[in-house]
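First comes the structure, then the notes that go with it.
Please read all numbers here as calculations on a predicted model, not as lab measurements. By convention here, the first residue in the shown sequence is residue 1.
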Amino acid sequence: MKNVILKTLSKYWGYDSFRPFQEEAILSILDCKDTLTILPTGGGKSICFQVPALLCEGMVVVISPLISLMKDQVDYLKEIGINAECLNSSFTVSAQKAIIEKIQSRGLKLLYISPERLMTPDILELLRGVKISFFVIDEAHCISHWGHDFRSEYRRLGCLKDEFNQCNIHAFTATATEDVRKDIVEQLKLDSPHLYFGPIDRSNLVYRIIARSGNITGNIVNVIKKYKNEPGIIYCLRRKDVDAFSEKLNSLGYKNVPYHAGMSDEDRKRNQDEFSREKISLIVATIAFGMGIDRSNIRYVIHAAMPKSIEHYQQETGRAGRDGLPSECYMFYSWNDYKTWEYILKDSSQKNNALLKLKTLYDFCSHPQCRHKYLVSYFGQSYKENNCAACDFCLGEVEVIDNPLLIAQTIISCVAGVEEKFGADHIADILKGNNTDKVKNWGHDTLATFAKMNNETKVFIRNIIEQLVGQGYLIREGEFVTLGISDSGLKALGGEAVPTLAKPVLGQAKKEVEKKVKIKRAKDWEGVDEQLFEVLRQKRSELSQEKNVPAYIIFSDKTLKDIALKKPTTAEQFKGVFGVGEVKLNQYGGIFLNVVGDYINEVEYADKKSRA
Ligand code: ADP
């Protein structure tokens, strides 16, 4: 059976090996066992059910939460020669009728559908009349109250097991904690399911989490500049921030489009299509609308503000580097983001759970530590490396402070000195020794801690206070967000608990870090003709616009990179390129071989001319 699976993978997708857990998940599905598979974004979940769909008799029904995601998947499957459709209300009546006829005539291998649509009596009736090989529940965490994207219509999927008791159900998600995993199994009534819990770590992503201060636009521009025409996403917290950033960046010459729920469907769709078809390489979007954006070659994701949970952070950063190539994730967070989310979430039906998740994320941001290790542990796995070499902490970009206890004690003593009645900004003024009116009026210039940290900048002191709040040594309380001292804070005063505190690396050290990053990129591109890569990208963009499909559906960046490395000149050689299956070879082999041929001729001609 393994041979047949591999042949199918190579024939349609042009891949010659599996990623971790794909093969196990596929074999389980073929063995008619219910499954729950957790793989990180970009881990290759789709292939886990698409390959068995081709090997089983009948049609697979894939339940997916977003129309745009369904459409992209279906377009891709059609491109590689697989019979798939999606059924949704945005189609005309006659288009829907044609798809229903295809289902009835058993001409489909995969049907993508939303949970709302699936649960309508006419669709259930239609499906009872055809052979279904199995059901797939994509983004299965939406079923759980404990999850981060609970959708009430997912809850109704529990009745699938009763309605179609002979069919197996296979649930997939990228982000599920233990509670969520249990809930998925219970709600979907999975029968002794096989659980595949793939490595959650996204080792190709570099995480950087930076306390926001000063010129955020400048920080963002520095990242964009590193990537020139390569695709990136900027996530903002509010719609008005999206509009403001988008406008500002456009005015600075960094062409981008906005994307948020306040825009008309038409504008949103147009902007998303422009991004997917590589007409534009930068999109500025709200955090809430991450799911609809899909492109496998995104090289960087910037959070201009903090998202609302670790799950969201993992999912949104997960959109970078789905093609497995190195990509960077920057988050600029602040306490204000925390407060804004707290305000937004106060009316949520899952308020307590949502606030707990928010607090956990804030702790994660403000606690200097290996980011990969934390994320992996959060989702219940262990991380073996001592140094991930792919986050601000392990790359040495944040310098751990040698005497954290002394600094923590100074700050906590100051909070005690003002009887826990003042906020972070005032505490920072006292410690810095700023003679503000407020400091003088309250007589705080006479405190023992006044000017105790006058060698540090106020920004530094504020940052350390945030770290102490994030790590639970200080608590923010009440309407006036005053700082209080927690039990851990009291322990720190007594020397029984020691926080980990860090400051940003400046000057020479920062240059060293940048040098390291550059060397890593040079290694990844070793042997690749970057000029040819650009020419190939141009061709792909033309084809994507002609065919009206996202560019990555034609070929991924990894495939283009492999072409620019191998420079194939025959169909046989082209077959050996990563990601080229039979249908793609027939459809695009000639076109891209011509591009390579023309390029080689041109370079040789230019070479001869310069030697003559
Ligand atoms: P997920 O749904 O888990 O986020 P996808 O199924 O979209 O991930 O896969 C991410 C990318 O990885 C896609 O471009 C896909 O074609 C590619 N991919 C999946 N499996 C393999 C494999 N075995 N070898 C190479 N590339 C793969």
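No option in Y338, W341, Y313 other than Y338 meets the ring-ring contact (aromatic ring centres under 6.0 Å, His included) test with Y362. Just one residue in the list Y383, F379, F364 forms a ring-ring contact (aromatic ring centres under 6.0 Å, His included) with Y374, and that residue is F364.
The shortest heavy-atom contact between P258 and D243 is CB-OD1, 4.3 Å. Across every non-hydrogen atom of M306 and L237, the tightest pair is O-CD1, 3.9 Å. The two residues S144 and R155 make their nearest non-hydrogen contact at CA-NH1, 3.8 Å.
Using a cut-off of 4.0 Å between Lys/Arg side-chain N and Asp/Glu carboxylate O, D557 and R322 are scored as not salt-bridged. One finds a salt bridge joining D265 and R268 here, because a Lys/Arg side-chain nitrogen approaches an Asp/Glu carboxylate oxygen to under 4.0 Å.
Sparse packing is recorded around CD of Q531, with 12 or fewer heavy atoms of other residues, nucleotides or ligands lying under 6.0 Å away. Within a 6.0 Å sphere centred on NZ of K248, heavy atoms belonging to other residues, nucleotides or ligands number 12 at most.
Formation of a donor-acceptor pair under 3.5 Å by the R202 side chain with backbone atoms of G318 is found in this model. Using a distance-only test at 3.5 Å, with no hydrogens or angles considered, a donor-acceptor pair links the side chain of K45 to the main chain of P40. Checked by atom type and distance alone, the side chain of S486 pairs as donor or acceptor with a backbone atom of G472 at under 3.5 Å.
Taking the ring centre of Y227 as origin, the terminal cationic atom of K225 falls outside the region bounded by 6.0 Å and 45° from the ring axis.
A distance of 4.5 Å separates OH in Y300 from CG in L282, rounded to the nearest 0.5 Å. Taking OG1 from T446 and NZ from K440, the interatomic distance works out to 13.5 Å, rounded to the nearest 0.5 Å. Between atom NZ of residue K452 and atom CD1 of residue I411 there is a gap of 12.0 Å, rounded to the nearest 0.5 Å.
A donor-acceptor contact closer than 3.5 angstrom links the side chains of R208 and Y330. Side-chain contact annotation: H141 with E311, donor-acceptor N/O pair under 3.5 Å absent. Using a 3.5 Å distance cut-off with no hydrogens or angles, the side chains of S327 and R299 do pair a donor with an acceptor. D323 and Y552 form no side-chain donor-acceptor contact under 3.5 Å, judged by distance and modelled atom types alone.
In this structure, the side chains of L361 and K308 stay at 4.5 Å or more apart for every pair of heavy atoms.
Not a single ring pair (Phe, Tyr, Trp, His ring centres under 6.0 Å) links F21 to another residue, sequence neighbours left out.
Between W525 and F533, the ring planes lie perpendicular to each other; the angle is over 60°, past the 30° to 60° tilted range.
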